[in-house]
Amino acid sequence: MSSNGVARPVLVAVAWPYASGSRHLGHLAGAYLPADVFARFQRRVGNRVLMVSGSDVHGTPITVRADADGVTPNDIVDRYHAEFVDNWERLGISWDRYTSTGTDNHAAVTHDIFLRLLGKGHIDKRTSDQYYDEEAERFLPDRYIEGTCPHCDYTEARGDQCESCGRTLDPEELINPRSKITGSEPVPRQTEHFFLRLSDFQESLGDWLDSREGWRAHVLNFSKGWIEEGLQDRAITRDLDWGIDVPVDDLGPGKRIYVWFEAVIGYLSATKEWATDQDDPEAWRDWWENPDARSVYFIGKDNIPFHTIIWPAMLQGYGGLNLPTDVPANQYVTFRGGKASASRGVGLTIDEGLDLFEPDALRYALAASLPEQSDTELTVNEIARRINEELVATWGNLVNRVLSMVHGTCGGVVPPVGERARNDTALLADVDAALERVAAHIDRVELRAGLQSGMAAAAAVNAYLNATEPWKAARDDPERARVILGTALSAVNGIRVCLSPYLPFSNAALDGILGPVEGWCRTEVEPGRPIERPSPLFAKVDPTTLDGLVDDEPG
RNA sequence: GGCGACGUAGCUCAGCUGGUGAGAGCGCUCGACUCAUAAUCGAGAGGUCGACAGUUCGAAUCUGUCCGUCGCUACCA
């Protein structure tokens with residue numbers, strides 16, 4: 001909420017997962033989990049949150065994958081879109097709209113932006129030489145050309161990169177190039193493509209970036225680096241038949257809009273799709289045209305230039321739409337020192353993670369390890385350690401110990417508040433301070449620190465219980481025991497609000513036990529409310545079930 | 001090759017524009033407690049802040065070189 005307490009529109013824009021394969025825990029920690037924590041917090045403090053994303057279904061890698069599997073691109077897309085939707089469901093990622101770039105609406109919005117930029121002269125048409133497959137009668141994207149790598153003599157090198165030595169290539173460098181489609185030798189031929197004139201925005205983007213405050217240093221550094229090197233105009237069409245068609249027909253067939261030009265437009269088109277679905281087609285404007293609106297883009301660091309350069313350039317060129325308020329890109333989660341990659345079998349896919357751990361437990365472990373400042377090394381054992389030694393031991397156990405005592409010594413009901421002593425009110429003041437600390441951290445997208453502050457409050461309640469020893473008071477001074485336990489219960493009820501953006505499932509369970517809490521505050525649990533014998537909020541992970549898993553195998 | 005980072009206690013990480021004797025969590029040691037998922041709480045041990053050189057009254061923090069790791073390099077997204 002804004003400082004004057006007025007609800008503010010907050011657009012939570014989240015990287016569009018690419019439907020070419022399973023997403024892994026690195027993606028989850030990089031974008032989806034932080035976005036969800038942030039969105040849940042913003043909703044709870046009363047802001048008007050719209051959290052949008054969808055599956056990115058176009059582009060060359062998907063056609064390559066389809067060819068390799070002997071199926072259509074649609075088959076690939078349908079398979080992984082369904083998997084993603086299932087992932088989000090199981091993880092409790094609270095989308096307001098999760099769609100895909102394959103909708104008519106998205107194509108229409110993309111065309112609108114393309115045509116506006118074309119009309120304003122920010123898109124122009126250029127001629128270049130490109131390899132052409134005469135047998136297939138089509139131009140070839142770099143990835144569809146294979147040949148021998150000039151650096152390492154690997155014979156299966158692709159036109160964009162050699163997978164053997166890892167160097168990036170231009171297709172002209174390949175020795176004995178051949179078409180991946182027909183095997184014939186491709187020949188250079190003139191082709192036309194549309195270019196986004198990024199150079200038009202060199203100065204305005206530089207000024208904009210210079211005026212950003214509170215952005216992460218690595219995000220700003222990287223973006224300014226692009227500006228300093230000089231922005232190059234960039235082709236935004238490709239020789240492909242899988243993608244959004246070009247809304248002007250003077251390029252001929254076999255051309256599509258480049259995925260990255262249209263994928264970022266998804267943030268806008270998904271918002272419009274949501275509005276239409278609300279029977280309020282103009283509602284999207286509140287997040288895109290209202291100067292008080294905030295837009296926060298959750299992405300991994302590999303997507304930085306698309307969100308801090310290209311998309312802002314498109315928005316500036318289009319005119320009248322809000323540029324990103326912040327792009328708190330995360331670094332990488334690494335496994336065995338390398339970037340997680342489902343395709344190379346490094347790290348766990350989201351599916352695999354969910355098969356091993358409860359959703360809240362997995363969310364906790366990842367949130368505690370978010371790569372906000374630097375790459376963070378993760379292993380399955382580290383996840384289990386976070387769950388067992390931190391989540392279960394400090395928080396899960398606290399809830400269980402308090403509920404058990406209330407059940408056992410207060411006649412199975414929440415005791416009246418009674419007369420609280422100084423140490424009681426001091427504890428509650430600590431919890432209230434924690435609520436403010438956590439809120440400040442989450443609002444600045446310092447999610448690790450926010451979680452840590454919440455856990456510190458839980459540890460303070462444990463210390464309070466050790467000091468006040470209600471189990472002894474229950475024998476000597478039952479009235480005092482009831483006051484202590486009522487105090488502890490109130491503290492728990494505040495802390496679970498601190499943790500609710502991170503742990504939605506267990507928070508919902510506590511809604512059932514303690515009654516729901518609205519807003520970002522600590523409330524007293526209603527006296528007289530029955531408390532049954534509790535069962536643990538989280539199960540401990542048995543480490544022996546993890547033996548021989550992914551990160552113990554050669555990577 | 002070029003660009004951007006990173007290398008801080010056993011592990012995972014904080015340390016903003018240089019300045020009270022270098023931090024957190026976990027692990028470890030010792031102690032307390034026994035309500036609680038053998039959970040909790042307290043105390044303690046443990047670091048030449050990658051190496052070397054420099055700037056400075058003073059550097060983990062600035063500069064340079066080197067070593068190591070990683071990412072990006074605009075047709076992967």
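The chains referred to below are lettered A, B, ... by the order of the sequence lines, with proteins before strands, and numbering in each begins at 1.
- Pairing for A45(B) is absent, judged as Watson-Crick or G-U wobble with the two contacts each under 3.5 Å.
- At the phosphate of U37(B), OP1 or OP2 sits under 4.0 Å from a side-chain N or O atom of N400(A).
- Distances shorter than 4.0 Å separate none of the side-chain N or O atoms of T379(A) from OP1 or OP2 on U12(B).
- Among the atoms of the strands shown, base atoms are found under 4.0 Å from some heavy atom of D302(A).
- A donor-acceptor contact under 3.5 Å links the side chain of Q130(A) to the base of C75(B).
- Applying the 4.0 Å criterion to OP1 and OP2 of A39(B), one finds that K540(A) has a side-chain N or O inside that range.
- Checking the phosphate oxygens (OP1, OP2) of C76(B), no side-chain nitrogen or oxygen of Y258(A) falls inside 4.0 Å.
- In this structure, of C3(B), C72(B), C75(B), it is C75(B) that holds the atom nearest to the side chain of R238(A).
- Within the 6.0 Å centre-distance limit, the rings of Y297(A) and Y267(A) are counted as a close aromatic pair.
- D56(A) comes within 4.0 angstrom of sugar-phosphate atoms only, judged by non-hydrogen atoms across all strands, and of no base.
- When each of Y18(A), F306(A), W311(A) is tested with W260(A) by the rule ring-ring contact (aromatic ring centres under 6.0 Å, His included), just one qualifies, namely F306(A).
- Here T60(A) lies in heavy-atom contact (under 4.0 Å) with sugar-phosphate atoms only.
- Close to A24(B), at under 4.0 Å from its OP1 or OP2, lies no side-chain N or O of R448(A).
- Geometric assessment of R138(A) against the ring of Y144(A) yields a positive cation-pi assignment under the 6.0 Å and 45° thresholds.
- Listed nucleotides U12(B), U37(B), A77(B) differ in distance to R386(A); the shortest reach to its side chain belongs to U12(B).
- Side-chain nitrogen and oxygen atoms of K472(A) include at least one within less than 4.0 Å of the OP1 or OP2 phosphate oxygen of U34(B).
- Scanning atom types as modelled, no donor and acceptor separated by under 3.5 angstrom connect the side chain of N397(A) and the base of U37(B).
- Residue contacts for E229(A): at a heavy-atom cut-off of 4.0 Å it reaches a base atom on one of the strands shown.
- Residue N221(A) places at least one side-chain N or O closer than 4.0 Å to OP1 or OP2 of A5(B).
- When each of U37(B), C75(B), C35(B) is scored by its nearest atom to the side-chain atoms of R401(A), the top-ranked nucleotide is C35(B).
- As judged by a 4.0 angstrom heavy-atom cut-off over every strand, A459(A) is placed among residues touching the sugar-phosphate backbone only.
- Looking at heavy atoms from C-beta onward, I531(A) lies in side-chain contact with V414(A) at the 4.5 angstrom threshold.
- At the heavy-atom level, L465(A) lies nowhere under 4.0 Å from the strands shown.
- Of the nucleotides present, G68(B) is the one that pairs with C6(B) by Watson-Crick or G-U wobble criteria, both distances under 3.5 Å.
- Salt bridge status for D476(A) with K472(A): absent, with no side-chain N to carboxylate O gap under 4.0 Å.
- Base contact: W226(A) has a heavy atom under 4.0 Å from a base atom.
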